[in-house]
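Counting starts at 1 for both ligands and their atoms, in listed order.
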Amino acid sequence: MSIFNESTEVEIRERRLHSTLSYHGDANDLNEKSKQRALSCKGRYYGQCSDCAEGCAETITYHVIDAAVVSHAPVGCSVNVSNHHILGRAVSNARGLETHKVHMISSNIQEKDTVYGAAEKLRSAIYEADKRFKPKTIFIQASCASGIIGEDLESVANETEDELGYPIIPVYCEGFKSRIWSTGFDAAFHGILRRLIKKPKRKQEDLVNIFNFEGSDLFIPFLKKLNLRVNYLIPLASVEQLETITEAACTAHICETLATYIAAVLEEKYGVPEVKVPAPFGIDWTDEWLREIARFTNRESLAEKVIQEEHAKVLPELDDLRKKLKGKKVYVLSGDSFAHNIANIVKDLGLELAGMNTLHHDLHSDSPLQANTLEALIKSSGNIKNVTVCNKQPYQVLKILQKIKPDLLIVRHMNLTSLGTKLGIPTLFEGDANYSIGYDGVVKMGRRFDEALRTKKLVENIAAHTKLPYSDWWLKQEDPFYFEGGIQK
Ligand code: SF4
């Protein structure tokens, strides 16, 4: 069956990838149960916090250069826009690009609009966005409110597209539709695939598509060693860049959770091969990744030379770091595949992987040959105990950390950093998802672990003066998974 179809919406992850939101056990068991699809998407019957697919869609749509976004939603759904604005400016400046400003308007759906419809508000928001920002494309983001009243986004998009003469792209990322927030990435990519991407006019044999989050420009110097050019997608890509991603030699992504859907469709529909090995985190995965890219671009012998040189460059410092870090236990808390990426660096530094929590877990992938990063991690690091799947929920992660007592915690999401500090655990924030790629990335993470361990006394002091915001009943509870419903053991 074809991965891409012309329907307006992409299938949600619960149905497409059989994703799960709750699990506790070990890595082998999770991998085997995933292959047998023996886990369902039961969550927990108490949730301390949540997120929304619209939020994941925004991380893509807000950062397309020359685009505007109309959020067809109550104004509160756009609460994150200022964060994106700050991030977009910072990263575009760091990458030496023109300062990126998020161009967004909320249609401000209100109560009476849910009775009489809000199509007029949407139309006028689109024209206002056109007047204010002069964009080359406009994304319309759906919301719970627009979904519940059944707003006809396609008709409004078609009408306004005819009048304005550029693509108007509905993105069906209603928060209620999927409990797996990453469905929002797929929704944004599906809109782009349907209405923006064009057939290749020519092939660019030295161009590599890299799907990433907003992060440092580390791929350009890295792939320059193979005389390759990088097409950074999608944050901070222009509309022209997006139109021609079908011309690249291959597609890689730094996190399977982010971009396997669009990568699989680019291969299926336009013959752009997807790099089907894990992202370049850790020495062994970086070797494999470079070899795979070299295979698609006919640079195999150059890749072997680069691999040899890079190993020789980093090994002396790695040896020193291993001696310093030996015996320390690390716990990783991140999104699904990105947690596996970070975890794969741990063994290179001689550390023990004490456990890992991912925010969800996709039981399988969009195309059968895509990388299974959990299986690859088991192959490189052995079985891992204390593996859980939990969509943030600090009250639960707190109990897990209190049980495992790691020496170090590494988190991908800023709002979870304080959790480790409050428990007296030195904590690293991996906010820049590109920072730890490649051979240098392993060394840099080792240095950061070494520095973080030196904060031990400080964070223990903070923990001693911290009052956790939970009842005595919960703090004395033995079972961190008390609120999980119907979990398979
Ligand atoms: S789309 Fe729904 S879940 Fe998302 S922020 Fe708006 S109301 Fe909340």
Nearest-neighbour protein heavy atom for atom 4 (Fe) of ligand 1, which is reported as residue plus atom name and distance: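 Of every protein heavy atom, C52 SG, 2.3 Å lies nearest to atom 4 (Fe) of ligand 1.
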Heavy-atom nearest neighbour in the protein, as seen from atom 7 (S) of ligand 1, with distance rounded to 0.1 Å: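 I find the closest protein heavy atom is C77 SG, 3.6 Å.
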Element-labelled atoms of ligand 1 that are located less than 4.0 Å from some non-hydrogen atom of C144: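 Listed by number with element, the hits are 1 (S), 2 (Fe), 3 (S), 7 (S).
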SB check K276 E267 (cutoff 4.0 Å):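 Salt bridge present between K276 and E267.
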R194 and E154 ion-paired at < 4.0 Å: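 Looking at R194 and E154, the cut-off is met.
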Between F281 and F338, ring centroids under 6.0 Å: yes
Protein contact for atom 1 (S) of ligand 1 (heavy atom, distance under 4.0 Å): yes
Y331 side chain near I400 side chain, heavy-atom distance below 4.5 Å: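 The answer is yes, as the side chains (C-beta and beyond) meet within the 4.5 Å cut-off.
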